[in-house]
Amino acid sequence: MGNKPTIAISHLGCEKNRIDSEHMLGLLAKAGYPVDNDEELADYVIVNTCSFIQAAREESVRTLVELAEANKKIIISGCMAQHFQDELLTELPEAVAIVGTGDYQKIVEIVERVETGERVKEVSTDPTFIADENLPRYRTTTEGVAYLRVAEGCDYRCAFCIIPHLRGDQRSRSIESIVKEARQLASQGVQELILISQITTNYGLDLYGEPKLAELLRALAEVDIPWIRVHYAYPTGLTPKVIEAIRESPNVLPYLDLPLQHSHPDILRAMNRPWQGRVNDGIIERLKQAIPNAVLRTTFIVGFPGETEEHFSHLLEFVKRHEFDHVGVFTFSAEEGTAAFGLPNPVPQAIMDERRERLMLTQQPISERKNQAYIGQTVDVLIEQENPETGELIGRSARFSPEVDGLVYVTGEAILGAIVQVRITSADTYDLYGEIV
């Protein structure tokens with residue numbers, strides 16, 4: 001056998017998809033394939049796609065077309081491969097393989113088959129695979145941070161969301177398996193673990209017959225990692241037991257990421273989230289009382305079909321009343337294959353854009369005020385990058401999650417991947433500025 005072909009991965013989509021990319025890189029490297037992040041030098045490019053909404057698909061398609069025009073041999077993996085397998089094979093003669101969301105663990109065998117001239121389609125109709133700590137993994141995040149997937153798939157059927165259709169039903173890893181991987185990551189110098197799944201508050205339900213997030217957090221509290229952050233916590237799943245585990249585990253950050261989507265009961269019912277409509281206000285007040293230092297992040301969808309000006313003002317008032325630390329706002333995207341596709345009374349795009357703008361403008365002064373409260377305080381900051389021109393360091397405090405929240409710009413000396421104390425000297429809407437103490 002001659003030299004093995006060089007392989008690059010072009011990564012699109014969310015951090016759950018990123019973990020799949022990291023496992024493919026780890027498996028290929030272990031099998032002796034040269035892995036290169038320069039797509040131009042690679043013989044094959046694996047494009048790990050996203051198919052969540054129209055805009056994400058367009059970005060995935062642009063990447064595929066550019067690579068095809070550069071005469072690259074393309075392996076398409078990820079959510080869009082799962083979603084549009086046959087169309088992609090038909091439309092893109094350059095695609096030598098299509099790999100489903102439950103099949104990326106077969107990547108080495110897939111490349112071997114492609115090398116013999118076969119065009120491979122490896123897509124499980126109902127994905128059931130979930131990787132554990134024994135599957136090789138090559139991390140692509142900054143050295144201080146790692147995502148840790150506790151479960152894959154989702155059992156909910158929210159009207160706007162195609163994910164269960166693309167990633168299958170929920171399947172959780174055991175507490176032992178997750179703790180083992182956390183220890184491996186700690187030994188690699190990881191300072192921050194971010195627990196992810198589709199709905200992290202439902203972790204363990206399929207495996208143990210009841211949610212086990214509280215038990216998982218207590219087990220991870222024993223691991224030598226300073227920050228543990230939980231993403232995608234549905235408010236109804238933040239039970240007294242889970243709240244207590246957050247409060248009593250010193251390394252579990254009081255950072256609550258609540259994907260609320262809306263505040264009005266009618267819209268929540270239409271989104272097929274009626275259980276949430278009854279609890280919003282009360283539950284957020286309860287969370288604030290239970291965890292007084294909680295940092296609250298949430299995301300909303302504006303322009304769901306049937307959303308009136310009255311529904312939208314309800315949401316504006318809700319955002320003013322609860323004063324979240326961080327708010328993300330998306331305009332509704334009608335996805336074929338979801339219950340919301342083809343619903344009557346669509347909201348015109350111009351009105352959706354205008355509502356998104358109004359919601360962001362309502363939130364900005366709140367975010368700014370929250371940031372300004374830190375001026376003069378000393379906070380722990382995980383240093384992640386250095387600007388080679390200015391020597392200025394960039395990191396995050398515990399209040400900020402990577403990619404979605406703000407940054408802390410720091411002057412002084414520090415090692416990348418270390419947590420240091422920083423005195424905050426100024427702030428704006430999204431970011432903080434300070435100097436190392």
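In what follows, residues are counted from 1 in the order of the sequence shown. Everything quoted here is computed from the prediction, not taken from an experiment. All values below were derived from every heavy atom in this structure, side-chain atoms included, with hydrogens, water molecules and symmetry-related copies excluded.
Taking the side chain as every heavy atom from C-beta outward, Phe300 and Leu260 approach each other to under 4.5 Å. Two residues are said to be in side-chain contact when any heavy atoms from C-beta on lie closer than 4.5 Å; Phe324 and Ile366 fail this criterion. Side-chain atoms of Ile75 and Val111, non-hydrogen and from C-beta on, do get closer than 4.5 Å to each other. Taking 4.5 Å as the limit, some side-chain heavy atom of Val150 sits within range of a side-chain heavy atom of Thr200. Within the 4.5 Å cutoff, no side-chain heavy atoms of Val230 are placed close to those of Tyr255.
Annotation for Arg247: atom CZ does not count as buried by contact number, only 12 or fewer foreign heavy atoms lying within 6.0 Å. A 6.0 Å sphere centred on NZ of Lys370 holds more than 12 heavy atoms belonging to other residues, nucleotides or ligands. Environment of CD in Glu210: crowded, with over 12 heavy atoms of neighbouring residues, nucleotides or ligands closer than 6.0 Å. Within 6.0 Å of the OH atom in Tyr433, the count of heavy atoms belonging to other residues, nucleotides or ligands exceeds 12. The 12-atom threshold is exceeded at CG of Asn134, counting heavy atoms of other residues, nucleotides or ligands nearer than 6.0 Å. Within a 6.0 Å sphere centred on CD of Glu309, heavy atoms belonging to other residues, nucleotides or ligands number more than 12.
Evaluation of the salt bridge (Lys or Arg N to Asp or Glu O under 4.0 Å) rule for Glu176 yields no partner, not counting sequence neighbours. With sequence neighbours left out, Gln198 forms a side-chain contact (heavy atoms from CB on, under 4.5 Å) with Lys16, Glu152, Cys154, Ile163, Arg167.
Under the 3.5 Å distance criterion, with hydrogens and angles disregarded, no donor-acceptor pair is assigned to the side chains of Tyr147 and Glu22. Between Tyr156 and Asn272, the side chains place no donor N or O within less than 3.5 Å of an acceptor N or O (distance only, hydrogens not considered). In the model, Ser401 has a side-chain atom that pairs as donor or acceptor with a side-chain atom of His231 under 3.5 Å. In this structure, a donor-acceptor pair under 3.5 Å is present between the side chains of Glu285 and His322. Side-chain contact annotation: Ser177 with Asp132, donor-acceptor N/O pair under 3.5 Å absent.
A distance-only check finds a donor-acceptor pair linking the side chain of Arg171 to the backbone of Pro127 [under 3.5 Å].
Tested against Thr201 for a side chain to side chain contact (heavy atoms under 4.5 Å, CB included), the candidates Leu213, Thr236, Thr239 yield a single pass: Leu213.
Residue pairs meeting the side chain to side chain donor-acceptor pair (under 3.5 Å) criterion with at least one member in residues 334-347, sequence neighbours excluded, are Arg57-Glu335, Ser333-Glu335.
Rounding to the nearest 0.5 Å places OG of Ser172 at 11.5 Å from NZ of Lys212.
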